[in-house]
Amino acid sequence: MLVERFLGGDARAFEELYSKYYEKVFAIARGVLLDSDEAADAVQEIFTLVYRHLGRFDKRSRFSTWLFRVAVNRSIQEARRTKYRSRTVALTEAAGKVTDEEPDTTDPRIQMALAKLAAQDRALLVLFYWEELSLQDIAASIGCGVNAAKTRLYRARERFRMVYEAML
(Lines give C-alpha, C1' and ligand atoms only; values in the text may rest on other atoms or scores of the structure.)
Protein backbone atom coordinates (compact mmCIF):
# COMPACT_ATOMS: atom_id res chain seq x y z
CA MET A 1 0.00 0.00 0.00
CA LEU A 2 1.25 3.45 -0.89
CA VAL A 3 0.49 4.86 2.56
CA GLU A 4 2.62 2.21 4.26
CA ARG A 5 5.44 2.77 1.79
CA PHE A 6 5.38 6.52 2.49
CA LEU A 7 5.28 6.01 6.24
CA GLY A 8 8.23 3.63 5.80
CA GLY A 9 10.28 6.45 4.28
CA ASP A 10 9.55 6.13 0.55
CA ALA A 11 8.94 9.74 -0.56
CA ARG A 12 7.96 8.63 -4.08
CA ALA A 13 4.96 6.83 -2.61
CA PHE A 14 3.42 10.18 -1.68
CA GLU A 15 3.95 11.43 -5.22
CA GLU A 16 2.03 8.38 -6.41
CA LEU A 17 -0.78 9.08 -3.93
CA TYR A 18 -0.89 12.66 -5.14
CA SER A 19 -1.08 11.61 -8.79
CA LYS A 20 -3.66 8.94 -8.10
CA TYR A 21 -6.07 11.16 -6.14
CA TYR A 22 -5.41 14.68 -7.47
CA GLU A 23 -8.33 14.73 -9.92
CA LYS A 24 -10.89 13.49 -7.38
CA VAL A 25 -9.71 15.89 -4.69
CA PHE A 26 -9.74 18.75 -7.20
CA ALA A 27 -13.29 17.81 -8.26
CA ILE A 28 -14.45 17.89 -4.63
CA ALA A 29 -12.76 21.25 -3.97
CA ARG A 30 -14.06 22.66 -7.26
CA GLY A 31 -17.59 21.51 -6.52
CA VAL A 32 -17.57 23.12 -3.10
CA LEU A 33 -15.66 26.30 -3.94
CA LEU A 34 -16.98 26.86 -7.48
CA ASP A 35 -13.70 28.47 -8.53
CA SER A 36 -10.78 26.72 -10.25
CA ASP A 37 -8.08 28.91 -8.74
CA GLU A 38 -9.43 28.57 -5.21
CA ALA A 39 -9.87 24.84 -5.75
CA ALA A 40 -6.26 24.48 -6.93
CA ASP A 41 -5.06 26.34 -3.84
CA ALA A 42 -7.25 24.20 -1.61
CA VAL A 43 -5.92 21.01 -3.21
CA GLN A 44 -2.37 22.06 -2.40
CA GLU A 45 -3.37 22.75 1.20
CA ILE A 46 -5.25 19.45 1.39
CA PHE A 47 -2.26 17.44 0.22
CA THR A 48 0.04 19.41 2.54
CA LEU A 49 -2.23 18.49 5.45
CA VAL A 50 -2.30 14.87 4.32
CA TYR A 51 1.50 14.83 4.02
CA ARG A 52 1.92 16.20 7.54
CA HIS A 53 -0.75 14.05 9.17
CA LEU A 54 -0.62 10.78 7.25
CA GLY A 55 0.67 9.09 10.39
CA ARG A 56 -2.73 9.77 11.99
CA PHE A 57 -4.57 7.87 9.27
CA ASP A 58 -6.61 5.10 10.90
CA LYS A 59 -6.07 2.08 8.70
CA ARG A 60 -9.48 0.65 9.60
CA SER A 61 -11.02 2.76 6.82
CA ARG A 62 -9.93 3.21 3.23
CA PHE A 63 -7.36 5.90 2.53
CA SER A 64 -9.63 7.48 -0.06
CA THR A 65 -12.40 7.90 2.52
CA TRP A 66 -10.01 9.66 4.90
CA LEU A 67 -8.62 11.81 2.10
CA PHE A 68 -12.11 12.82 0.91
CA ARG A 69 -13.01 13.78 4.46
CA VAL A 70 -9.97 16.04 4.65
CA ALA A 71 -10.85 17.45 1.21
CA VAL A 72 -14.47 18.16 2.14
CA ASN A 73 -13.60 19.73 5.49
CA ARG A 74 -10.83 21.91 4.09
CA SER A 75 -12.95 22.99 1.12
CA ILE A 76 -15.85 23.91 3.38
CA GLN A 77 -13.51 25.92 5.61
CA GLU A 78 -12.25 27.82 2.56
CA ALA A 79 -15.81 28.36 1.30
CA ARG A 80 -16.79 29.86 4.65
CA ARG A 81 -13.96 32.36 4.32
CA THR A 82 -15.05 33.38 0.84
CA LYS A 83 -18.80 32.92 1.13
CA TYR A 84 -19.62 36.53 0.39
CA ARG A 85 -17.98 36.43 -3.02
CA SER A 86 -20.35 35.49 -5.83
CA ARG A 87 -19.32 32.38 -7.74
CA THR A 88 -20.85 30.66 -10.71
CA VAL A 89 -19.34 27.84 -12.74
CA ALA A 90 -20.42 25.26 -15.24
CA LEU A 91 -21.40 22.02 -13.56
CA THR A 92 -19.14 20.02 -15.85
CA GLU A 93 -16.20 22.16 -14.73
CA ALA A 94 -17.14 21.70 -11.07
CA ALA A 95 -17.14 17.96 -11.57
CA GLY A 96 -13.76 18.13 -13.23
CA LYS A 97 -15.10 16.07 -16.09
CA VAL A 98 -15.60 16.75 -19.76
CA THR A 99 -18.87 15.74 -21.36
CA ASP A 100 -19.87 15.34 -24.98
CA GLU A 101 -22.87 17.64 -24.49
CA GLU A 102 -22.87 21.09 -25.97
CA PRO A 103 -22.54 23.81 -23.32
CA ASP A 104 -25.73 25.40 -24.71
CA THR A 105 -27.80 22.58 -23.20
CA THR A 106 -26.71 23.43 -19.64
CA ASP A 107 -29.32 25.47 -17.83
CA PRO A 108 -27.55 28.47 -16.27
CA ARG A 109 -30.13 28.44 -13.48
CA ILE A 110 -28.64 25.16 -12.26
CA GLN A 111 -25.27 26.85 -11.94
CA MET A 112 -26.75 29.85 -10.16
CA ALA A 113 -28.78 27.65 -7.79
CA LEU A 114 -25.71 25.60 -6.96
CA ALA A 115 -23.76 28.77 -6.22
CA LYS A 116 -26.45 29.88 -3.75
CA LEU A 117 -26.22 26.70 -1.68
CA ALA A 118 -24.13 26.38 1.45
CA ALA A 119 -20.73 24.77 1.01
CA GLN A 120 -21.84 21.73 3.01
CA ASP A 121 -24.74 21.13 0.63
CA ARG A 122 -22.50 21.47 -2.42
CA ALA A 123 -20.04 19.03 -0.85
CA LEU A 124 -22.74 16.41 -0.39
CA LEU A 125 -24.03 16.85 -3.93
CA VAL A 126 -20.50 16.61 -5.35
CA LEU A 127 -19.71 13.45 -3.41
CA PHE A 128 -22.96 11.78 -4.39
CA TYR A 129 -23.50 12.88 -7.98
CA TRP A 130 -20.03 13.60 -9.33
CA GLU A 131 -17.83 11.28 -7.32
CA GLU A 132 -20.64 8.70 -7.18
CA LEU A 133 -19.82 7.68 -3.62
CA SER A 134 -22.18 5.44 -1.74
CA LEU A 135 -24.04 6.79 1.27
CA GLN A 136 -21.72 4.75 3.47
CA ASP A 137 -18.65 6.35 1.89
CA ILE A 138 -20.21 9.81 2.11
CA ALA A 139 -20.97 9.24 5.78
CA ALA A 140 -17.36 8.27 6.42
CA SER A 141 -16.11 11.22 4.39
CA ILE A 142 -18.14 13.79 6.31
CA GLY A 143 -17.89 12.09 9.69
CA CYS A 144 -21.43 11.01 10.44
CA GLY A 145 -23.62 7.92 10.33
CA VAL A 146 -25.21 6.56 7.16
CA ASN A 147 -28.69 7.68 8.18
CA ALA A 148 -27.44 11.18 8.93
CA ALA A 149 -25.69 11.32 5.54
CA LYS A 150 -28.89 10.19 3.84
CA THR A 151 -30.88 12.87 5.65
CA ARG A 152 -28.33 15.58 4.91
CA LEU A 153 -28.24 14.60 1.23
CA TYR A 154 -32.03 14.67 1.07
CA ARG A 155 -32.08 18.13 2.64
CA ALA A 156 -29.36 19.38 0.30
CA ARG A 157 -31.40 18.16 -2.67
CA GLU A 158 -34.48 19.87 -1.30
CA ARG A 159 -32.66 23.15 -0.75
CA PHE A 160 -31.29 22.93 -4.28
CA ARG A 161 -34.77 22.23 -5.63
CA MET A 162 -36.26 25.17 -3.74
CA VAL A 163 -33.58 27.58 -4.94
CA TYR A 164 -33.86 26.31 -8.50
CA GLU A 165 -37.66 26.48 -8.58
CA ALA A 166 -37.60 30.01 -7.15
CA MET A 167 -35.60 31.03 -10.21
CA LEU A 168 -38.21 29.73 -12.68
Side-chain angles (χ1 to χ4, degrees), residues 1-83 87 89-101 114 117-157 160:
M1 180 176 191
L2 292 172
V3 172
E4 292 167 355
R5 282 182 34 212
F6 173 73
L7 292 175
D10 182 359
R12 289 194 41 79
F14 190 80
E15 292 173 20
E16 291 178 46
L17 282 172
Y18 181 87
S19 296
K20 182 176 181 178
Y21 291 104
Y22 177 86
E23 291 298 323
K24 288 191 176 275
V25 171
F26 182 81
I28 291 168
R30 174 79 173 162
V32 173
L33 296 169
L34 301 176
D35 182 271
S36 293
D37 293 335
E38 288 181 14
D41 290 346
V43 169
Q44 295 307 312
E45 291 179 34
I46 290 162
F47 278 105
T48 300
L49 287 170
V50 169
Y51 184 87
R52 282 192 217 143
H53 301 290
L54 197 53
R56 296 181 187 174
F57 167 58
D58 181 3
K59 294 168 184 70
R60 289 181 290 168
S61 64
R62 294 190 328 231
F63 172 75
S64 61
T65 302
W66 181 75
L67 175 62
F68 294 161
R69 184 173 187 175
V70 172
V72 166
N73 289 341
R74 182 66 194 99
S75 297
I76 289 172
Q77 288 172 353
E78 183 62 27
R80 285 181 182 147
R81 277 187 244 175
T82 61
K83 77 179 188 177
R87 300 281 186 230
V89 66
L91 290 176
T92 53
E93 285 183 53
K97 300 176 184 174
V98 177
T99 64
D100 293 334
E101 291 182 24
L114 189 62
L117 293 178
Q120 297 90 335
D121 290 342
R122 287 194 306 266
L124 287 165
L125 296 172
V126 166
L127 291 172
F128 188 75
Y129 290 106
W130 293 314
E131 295 306 316
E132 299 177 350
L133 295 184
S134 68
L135 284 171
Q136 184 174 358
D137 289 340
I138 291 172
S141 295
I142 63 173
C144 66
V146 175
N147 287 336
K150 187 176 182 178
T151 300
R152 290 178 187 178
L153 180 60
Y154 173 80
R155 289 178 181 159
R157 284 181 189 140
F160 177 84

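These numbers come from the heavy atoms of this one structure, side chains and all, not from hydrogens, waters or symmetry mates.
Residues forming a ring-ring contact (aromatic ring centres under 6.0 Å, His included) with Phe6 (at least two apart in sequence, or on another chain): Phe14, Tyr51. Applying the side chain to side chain contact (heavy atoms under 4.5 Å, CB included) rule to Ser134 yields the partners Gln136, Asp137; only residues at least two apart in sequence or on another chain are considered. Looking at residues two or more places apart in sequence or on another chain, you find a side chain to side chain contact (heavy atoms under 4.5 Å, CB included) between Ala40 and Phe26. Partners of Ala119 under the side chain to side chain contact (heavy atoms under 4.5 Å, CB included) rule, at least two apart in sequence or in another chain, are Val32, Ile76, Ala79, Arg122. A search for side chain to side chain contact (heavy atoms under 4.5 Å, CB included) contacts involving Leu153 returns Leu124, Leu125, Phe128, Leu135, Arg157, not counting sequence neighbours. When the side-chain hydrogen bond (donor to acceptor under 3.5 Å, both in side chains) test is applied to Asp58, the partners found at least two apart in sequence or on another chain are Arg60. Evaluation of the salt bridge (Lys or Arg N to Asp or Glu O under 4.0 Å) rule for Arg152 yields no partner, not counting sequence neighbours. In this view, Arg52 satisfies the salt bridge (Lys or Arg N to Asp or Glu O under 4.0 Å) rule with no residue, not counting sequence neighbours.
Across every non-hydrogen atom of Ser141 and Leu133, the tightest pair is OG-CD1, 4.1 Å. Contact record, Val72 with Ala123: CG1-CB, 3.9 Å, taken as the closest heavy-atom pair. Closest non-hydrogen pair, Leu33 versus Ser75, comes out as CD2-O, 3.4 Å. Across every non-hydrogen atom of Ala149 and Cys144, the tightest pair is N-SG, 3.6 Å. Nearest approach of Asp35 to Asp37, heavy atoms of both residues: OD1-N, 3.1 Å.
Sequence neighbours left out, not one pair with a member in residues 64-73 passes salt bridge (Lys or Arg N to Asp or Glu O under 4.0 Å). For residues 5-19, the pairs satisfying salt bridge (Lys or Arg N to Asp or Glu O under 4.0 Å) are Arg5-Asp10, Arg5-Glu16, Arg12-Glu15, with sequence neighbours left out.
Between Leu54 and Trp66 there is a side-chain heavy-atom pair separated by less than 4.5 Å. The side-chain heavy atoms of Ile28 and Phe68, taken from C-beta on, include a pair separated by under 4.5 Å. Within the 4.5 Å cutoff, no side-chain heavy atoms of Val50 are placed close to those of Leu17.
Between Phe63 and Phe57, the two ring planes are perpendicular [angle over 60°; tilted spans 30° to 60°].
The CD1 atom of Ile142 sits 12.0 Å away from the OG1 atom of Thr65 when rounded to the nearest 0.5 Å. A distance of 9.5 Å separates CG of Leu7 from CE of Met1, quoted to the nearest 0.5 Å. Rounded to the nearest 0.5 angstrom, Arg155 CZ and Gln120 CD are separated by 13.5 Å. With rounding to the nearest 0.5 Å, the separation of CD in Gln44 from CZ in Arg74 is 12.0 Å.
By the neighbour-count criterion of 12 heavy atoms within 6.0 Å, atom OH of Tyr154 is sparsely surrounded, having that number or fewer from other residues, nucleotides or ligands.
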Val43/Tyr22 under side-chain contact (heavy atoms from CB on, under 4.5 Å): CA gap, chis, key distance, verdict: CA-CA 8 Å; Val43 169; Tyr22 177 86; 3.4 Å; yes
